[in-house]
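So the structure is just underneath, and the comments pick up after that.
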Amino acid sequence: MRGVGLMLSIPRLEIQDFPVAQTYRQDVVTGLSSIPKFLQPKYFYDETGSRLFEAICELPEYYPTRTEALILQTAAVPIFQTTGPCELVELGSGSATKTTYLLDALVQLQYPLVYVPVDVSPTILQSSAERLLADYPQLIVRGVVADYEGVWARLPRFESRRLLVFLGSTLGNFSQAECETFLAKIADSLQPQDYFLLGVDLRKAVPLLEAAYNDSQGVTAAFNLNLLARLNRDFDGNFDLTQFEHWAFYNKQLHQIEMHLRSLCPQSVYLSKLDLTVEFAAGETIHTESSRKFDLTELGGLLTELGLPTVKVWQDPQGWFGLLLCRRT
Ligand code: SAH
Ligand code: AVI
């Protein structure tokens, strides 16, 4: 007798949502009440901020995205020839445009396609997942909307081996100390024989770095100022965006681009839903982002100390950007 075929259909897309709203209120109060004032860069990425970041990636001055894409084109197949079949977990996945080089390699090698994007922005996660599902018929997406700093225990595992991916030099948004803590958490979250793929922007001539964050079309300025528009909307605030300017420069001591919003005059801002008044002196700034630039030898040493020794490193011909494949020991 012939068996009756049983077709089990599993949904190709699932998105788990771990809202970050609780900390958002407290983070804004803390940051705007501190001296000097600061806001965390994860708050850039509302719907408009995510769209503006995509526009930044297309700018002639913003070399990191296209340089990393160029490296990934060459590196993707060798990466999976090294790791073998594995699930792909990506932190701060954004539009996942560069991830397609990795997915293409999985298709070419006829490996399973399981993708777990993790991003704080629900809109970019949903739209990128839908686009990828349309382009890769065999793909399964298990997305997680969350702050990647606290997500470790909640990350589902589907394959015995994992490749954890952190691209775009987003690691550079952490200070040196935060970076060490974060990489230690990554090492802790991985099992022996898992892999970690890290894309980092490297130290280079200051004019190239400063141009990348001061583009001639003003898109980076709009991205930075959008943070104030977001606070106005979310907390019923009265920031006057014409009374602040974008300021970005390279801090040579700390090897980092710093982005600030600078008050053009003495002013007082009120955020009604926080019942918070914020006073600004003329020229006073809110530090909104640091983008650290790395030295491959230093970073490789740190990764080895943390139990993530580098298996292979790729760079573009100009040595502007580095891609490191590390193996959890
Ligand atoms: N990886 C992509 C996007 C980089 S932009 C690339 O290389 O082009 C940074 C991304 O990380 C954004 O999509 C943003 O929403 C997300 N992000 C920033 N801070 C985050 C955090 N703390 N937790 C989760 N996602 C975060
Ligand atoms: C996402 N992150 C690594 C970008 C960077 O270069 O620090 C964000 C960015 N900020 C201004 N331009 C791009």
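Just so we're clear, the structure is a prediction, and the values are computed from it rather than from any experiment. This chain uses plain numbering: 1 for the first residue, then up along the sequence. No hydrogens, no waters, no symmetry mates; every other heavy atom, side chains included, goes into these values. Ligands are counted one by one from 1 in listed order, and the atoms in each one are counted from 1 as well.
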Between [Y] and [X], do the side chains contain a donor N or O and an acceptor N or O under 3.5 Å apart?
{"X": "Y115", "Y": "E90", "result": "yes"}
{"X": "D236", "Y": "Y270", "result": "no"}
{"X": "E54", "Y": "S50", "result": "no"}
{"X": "S291", "Y": "Q256", "result": "no"}

- Query: Between the candidates G150, G92, A146, which shows the shortest non-hydrogen contact distance to atom 3 (C) of ligand 1?
  - Reply: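 Selected option, by shortest heavy-atom distance: G92.
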- Task: Would you mind finding which of F44, Y45, F53 brings a heavy atom closest to atom 9 (C) of ligand 1?
- Result: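 Selected option, by shortest heavy-atom distance: Y45.
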What protein heavy atom lies closest to [atom]? Include the residue and the distance to one decimal.
{"atom": "atom 26 (C) of ligand 1", "answer": "Y148 CE2, 3.3 Å"}
{"atom": "atom 15 (O) of ligand 1", "answer": "D119 OD1, 2.5 Å"}
{"atom": "atom 25 (N) of ligand 1", "answer": "V120 N, 3.1 Å"}
{"atom": "atom 22 (N) of ligand 1", "answer": "D147 OD1, 2.9 Å"}

- Message: Looking at ligand 1, would S93 count as a contact under a 4.0 Å heavy-atom criterion?
- Response: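 It does, in that a heavy atom of S93 comes within the 4.0 Å cut-off of ligand 1.
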Using a 4.0 Å heavy-atom threshold (strictly under), name the region of [X] that reaches ligand 1: side chain, backbone, both or neither.
{"X": "A96", "result": "neither"}
{"X": "T170", "result": "side chain"}
{"X": "E149", "result": "neither"}
{"X": "S95", "result": "neither"}

- Query: Quick one: are L264 and T242 in side-chain contact, heavy atoms under 4.5 Å?
  - Reply: no
Counting from 1, what ligand 1 atoms have a heavy atom of [X] closer than 4.0 Å?
{"X": "G168", "answer": "7 (O)"}
{"X": "G94", "answer": "13 (O)"}
{"X": "K98", "answer": "6 (C), 7 (O), 8 (O)"}
{"X": "K42", "answer": "19 (N), 20 (C), 22 (N)"}

Tabulate below the donor-acceptor pairs under 3.5 Å that side-chain atoms of residues 322-329 make, not counting sequence neighbours, or state none.
unit_1 : atom_1 : unit_2 : atom_2 : d
R327   : NE     : Q193   : OE1    : 3.1
R327   : NE     : Y195   : OH     : 3.4
R327   : NH1    : Y195   : OH     : 3.4
R327   : NH2    : Q193   : OE1    : 2.3
R328   : NE     : A187   : O      : 2.5
R328   : NH1    : G307   : O      : 3.4
R328   : NH2    : A187   : O      : 3.4
T329   : OG1    : G307   : O      : 3.4

- Would you say H246's side chain and Y213's backbone share a donor-acceptor pair under 3.5 angstrom? yes
- Query: Between D147 and K42, is there a side-chain N and carboxylate O pair less than 4.0 Å apart?
  - Reply: yes
- Item | Atom CD of Q81: over 12 foreign heavy atoms under 6.0 Å | yes
- Item | Flag if over 12 foreign heavy atoms under 6.0 Å of CD, Q73 |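 Counting neighbours around CD of Q73, more than 12 heavy atoms of other residues, nucleotides or ligands fall under 6.0 Å, so yes.
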Identify all N/O pairs between ligand 2 and the protein with a separation under 3.5 Å and present them as a table of atom names and distances.
unit_1   : atom_1 : unit_2 : atom_2 : d
ligand 2 : 6 (O)  : Y62    : OH     : 2.5
ligand 2 : 6 (O)  : Y213   : OH     : 2.5
ligand 2 : 7 (O)  : N173   : ND2    : 3.3
ligand 2 : 7 (O)  : S291   : OG     : 2.4
ligand 2 : 10 (N) : E289   : OE1    : 2.6

- Item | Passing candidate, side chain to side chain contact (heavy atoms under 4.5 Å, CB included) with E68, options D316, V200, L167 | L167
- Search all heavy atoms of A96 against all heavy atoms of R131 and return the closest pair with its distance.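 Closest heavy-atom pair between A96 and R131: C-NH2, 4.1 Å.
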- Message: Applying salt bridge (Lys or Arg N to Asp or Glu O under 4.0 Å) to E284 and K37, what does each step give before you reach the verdict?
- Response: CA-CA 9 Å; E284 187 178 356; K37 297 178 173 53; 2.6 Å; yes
